[in-house]
Structure formats: structure tokens, C-alpha cells
Colleague: 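Have a look at this one before I ask anything.
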Amino acid sequence: MTRGKGRWSKPDPDHGVEDATLLILEWLGEQGIGAMIRVDAERMREGLPAWTFAAGGGPLSEGLRADGASAAECMGRALLKLREAGQAVPF
């Protein structure tokens, strides 16, 4: 993130990772990593984990994907995978 613009919010301990998701995506982009989170309505109707996070490029040697039944579950799994891949996401 650009220093001095004041875009870094303080994490709220009463809320999950959903509040930081856009900041995480922006931070990843600044590291040269393309990333997205999406919801799949068809998978939701079928009772499957409907949320997907995908990232690749930049310092990631391989792309990664994480799925979850909620946005929070998906992003929690994504953060674990990013950290395992050597990306110390500051959230």
C-alpha cells in the first residue's frame, strides 16, 4: 500500500478476516501476485464450498487455491497457504 494515504485499517478483534480481505488482495497485488476471491452460485446450490480464493504470479513459484463454505473460511485457508508458500501477509 502507498505509505501516507492512511488506507491501513486497524483489525477489529470482533470481526473475522472478511474485514481485511480487500486489504489483503491489494497487498498481494503490490507484491506482484495476482489474486481473487469469488463465490460460485452453482456450487452453493449443490451444497459444496462456494467460495474460492486463487493467487499466482510474482514471487509464488506455483499458483494456489483455497476453498471454503464462507468467505471467512476461504480466506483463513488462503492465508495459511500463502504463509506456507513464504508470503508473510501482514494481517
Colleague: Going by the salt bridge (charged side-chain N to carboxylate O under 4.0 Å, His left out) test, which pairs reach into residues 70-80, not counting sequence neighbours?
Modeller: E73-R77
Colleague: Please name the pair of heavy atoms, one in A85 and one in L64, separated by the smallest distance, quoted to 0.1 Å.
Modeller: CB-CD2, 4.3 Å
Colleague: Are L60 and V89 connected into the same hydrophobic cluster when the rule is that any two of I, L, V, M, F, W, Y join if their side-chain heavy atoms are below 4.5 Å apart?
Modeller: yes
Colleague: Any pair with a residue in residues 81-91 that passes salt bridge (charged side-chain N to carboxylate O under 4.0 Å, His left out), sequence neighbours left out, goes on the list, sorted by first then second residue, please.
Modeller: none
Colleague: Counting only pairs under 3.5 Å, give me each side-chain donor-acceptor contact of residues 33-42, with atom names and distances, residues two or more places apart or in other chains.
Modeller:
residue, atom, partner, partner atom, Å
D40, OD1, E42, N, 2.9
D40, OD1, R43, N, 3.1

Colleague: Show me the pairs that pass side-chain hydrogen bond (donor to acceptor under 3.5 Å, both in side chains) and involve residues 45-63, at least two apart or across chains.
Modeller: T52-D67
Colleague: Just verifying a value: how many Å separate L82 CG and F53 CZ, rounded to the nearest 0.5 Å?
Modeller: 5.0 Å
